[in-house]
Amino acid sequence: MTWFESFVLGLVQGLTEFLPISSSAHLRLTAAFADWPDPGAAFTAVTQIGTEAAVLLYFREDIARIVSAWFRSLSDRRLAREDADARTGWLVIVGSVPIGVLGLVLKDAIEGPFRDLRLIATTLVVMGVVLGVADRLAARDRAGGRHRAARPRKELTDLNVKDGLVFGVCQAMALVPGVSRSGATISGGLFLGYTREAAARYSFLLAVPAVLASGLFELKDAGEGHTAWGPTVFATVIAFVVGYAVIAWFMRFITTKSFMPFVIYRILLGLLLFALVGAGVLSPHAGESAG
């Protein structure tokens with residue numbers, strides 16, 4: 001991997017990690033369109049450490065409060081039930097179990113068959129429709145209707161064990177490129193009745209343990225094959241800087257706007273990918289020649 005390739009891939013990782021459009025799919029597609037070798041699952045996981053560092057910085061006050069409350073709940077179990085921050089800490093742990101278990105069980109598939117461009121095109125379209133339906137339901141509750149009053153939606157203080165598990169299962173779906181970690185968990189949150197802001201905030205917080213663990217686990221494979229350590233670290237730094245800016249923009253955006261631009265983008269990109277593969281312009285395994 002050249003330094004230019006690492007810069008572009010780090011930029012793509014930072015731009016797409018927190019938007020509901022799938023960073024892993026875009027890293028895979030960037031390599032395929034540019035006729036570069038697939039950067040691989042290890043490169044993706046390690047560069048995600050950069051974007052998660054951006055989460056730690058942006059949400060540092062929330063995270064510090066949650067971690068403090070969680071530690072206090074170890075000696076006072078009452079807090080786990082009554083304190084929203086302590087409960088959030090425990091539910092982040094519970095919600096990280098599905099992706100941790102499935103990530104280990106499906107490791108070979110994640111690094112192989114799941115990177116097929118036809119599967120990525122399918123998940124882009126299907127999850128785009130799912131996000132669109134979830135966002136439409138949230139907008140309807142928020143606005144009400146001619147014969148229907150606006151319905152209040154849940155905040156993070158309403159988070160419970162059932163919802164935490166659902167969020168966790170949704171996050172695990174993002175092991176398949178094209179699903180999108182934020183897209184799946186935000187969609188799940190919207191279907192559960194949470195506000196856009198609450199669903200997005202919890203999505204980012206929930207991702208921290210899983211992504212950091214995945215990145216650290218893949219460190220042993222980083223720098224192998226065509227991807228050297230230097231470019232990988234460079235891409236990770238780029239992803240951190242760009243990712244922080246994207247989080248700040250995205251959290252402001254969703255306070256007044258819907259997710260429909262991302263829905264339309266996902267569906268169009270998926271259909272374009274189907275067309276290119278179907279026409280023989282792209283091979284379903286384009287860019288997979290290098291390990």
Side-chain angles (χ1 to χ4, degrees), residues 18-22 55 58-59 62-63 65-66 69-70 73 79-99 123 125-176 179-210 247 250-267:
F18 303 113
L19 304 181
I21 56 177
S22 179
V55 171
Y58 186 85
F59 293 107
D62 288 13
I63 293 172
R65 195 178 62 248
I66 290 169
W70 181 81
S73 73
L79 290 176
R81 297 187 301 272
E82 300 177 2
D83 186 284
D85 290 328
R87 187 167 62 249
T88 298
W90 281 109
L91 292 178
V92 164
I93 294 173
V94 171
S96 299
V97 172
I99 195 170
T123 53
V125 173
V126 171
M127 289 306 299
V129 172
V130 170
L131 177 61
V133 172
D135 190 55
R136 185 64 181 167
L137 290 175
R140 187 179 66 179
D141 284 350
R142 189 170 186 171
R146 190 172 181 179
H147 303 292
R148 184 182 65 251
R151 183 184 303 171
R153 294 183 70 83
K154 294 189 281 189
E155 299 291 345
L156 286 188
T157 52
D158 300 308
L159 194 65
N160 56 41
V161 174
K162 177 182 73 69
D163 292 354
L165 286 172
V166 172
F167 270 113
V169 171
C170 290
Q171 177 177 239
M173 294 169 59
L175 291 169
V176 182
V179 170
S180 170
R181 187 188 313 275
S182 63
T185 50
I186 288 172
S187 295
L190 294 177
F191 279 123
L192 288 170
Y194 288 86
T195 64
R196 292 188 184 112
E197 298 90 332
R201 183 174 292 269
Y202 189 68
S203 170
F204 295 157
L205 294 174
L206 177 62
V208 172
I247 294 174
F250 185 66
M251 294 305 294
R252 288 194 302 270
F253 177 86
I254 61 175
T255 58
T256 57
K257 303 290 194 300
S258 77
F259 291 111
M260 290 312 295
F262 305 109
V263 171
I264 294 170
Y265 172 77
R266 288 182 63 105
I267 293 174

Least distance between heavy atoms, L91 atom then V161 atom: CD2-CA, 3.6 Å
Are any of the side-chain heavy atoms of S182 and L19 separated by less than 4.5 Å? no
Output the distance between atom CZ (R87) and atom CG (D158), rounded to the nearest 0.5 Å. 8.0 Å
Non-hydrogen atoms of A80 and S73 that approach each other most closely: N-CB, 4.0 Å
Would you call V133 and F191 a side-chain contact if the rule is heavy atoms closer than 4.5 Å? yes
Pairwise side-chain contact, I99 with R181, heavy-atom cut-off 4.5 Å (strictly under): yes
Neighbour count >12 (heavy atoms, 6.0 Å) for atom CZ, R65: yes
S203 versus T185, side-chain donor and acceptor atoms under 3.5 Å: yes
Within-4.5 Å side-chain heavy-atom neighbours: L190 and R153: yes
Could you walk me through whether V92 and V208 pass the side-chain contact (heavy atoms from CB on, under 4.5 Å) check? CA-CA 9 Å; V92 164; V208 172; over 6 Å; no
Compute the ring centroids of F253 and F262, then answer whether they are less than 6.0 Å apart. yes
Are W70 and D85 side-chain neighbours, meaning at least one heavy-atom pair lies under 4.5 Å? no
Taking all non-hydrogen atoms of both residues into account, name the closest pair between M251 and A200 and its distance. SD-CB, 4.3 Å
Establish, from distance only, whether the side-chain atoms of Y194 and D163 form a donor-acceptor pair under 3.5 Å. yes
Could you check if a side-chain atom of V130 sits within less than 4.5 angstrom of a side-chain atom of S187, using non-hydrogen atoms only? yes
Measure up the F59 and F204 rings against each other and bin them: parallel (under 30°), tilted (30 to 60°), perpendicular (over 60°). tilted
Would you indicate whether the side-chain heavy atoms of S22 and T123 approach each other to under 4.5 Å? no
Look up atom CG in L156 and atom OH in Y202, then write down how far apart they are to the nearest 0.5 Å. 8.5 Å
When rounded to the nearest 0.5 angstrom, what distance separates CG in L159 from CG in L205? 10.5 Å
How far apart are the closest heavy atoms of R196 and D135, and which atoms are they? NE-OD1, 2.7 Å
Here the pair of heavy atoms bringing I254 nearest to E197 is CD1-CA, 3.9 Å
Can you give me the closest heavy-atom contact between M260 and G132, atom names plus distance? SD-CA, 4.2 Å
Tell me whether K154 contacts the main-chain N or O of L192 through its side chain, where contact means a donor paired with an acceptor under 3.5 Å. yes
Taken to the nearest 0.5 Å, the spacing of T255 OG1 from F250 CZ works out to 10.5 Å
What donor-acceptor contacts under 3.5 angstrom involve side-chain atoms of residues 167-176, with partners at least two apart or in another chain?
none

Any side-chain heavy atom of M127 within less than 4.5 Å of one from R266? yes
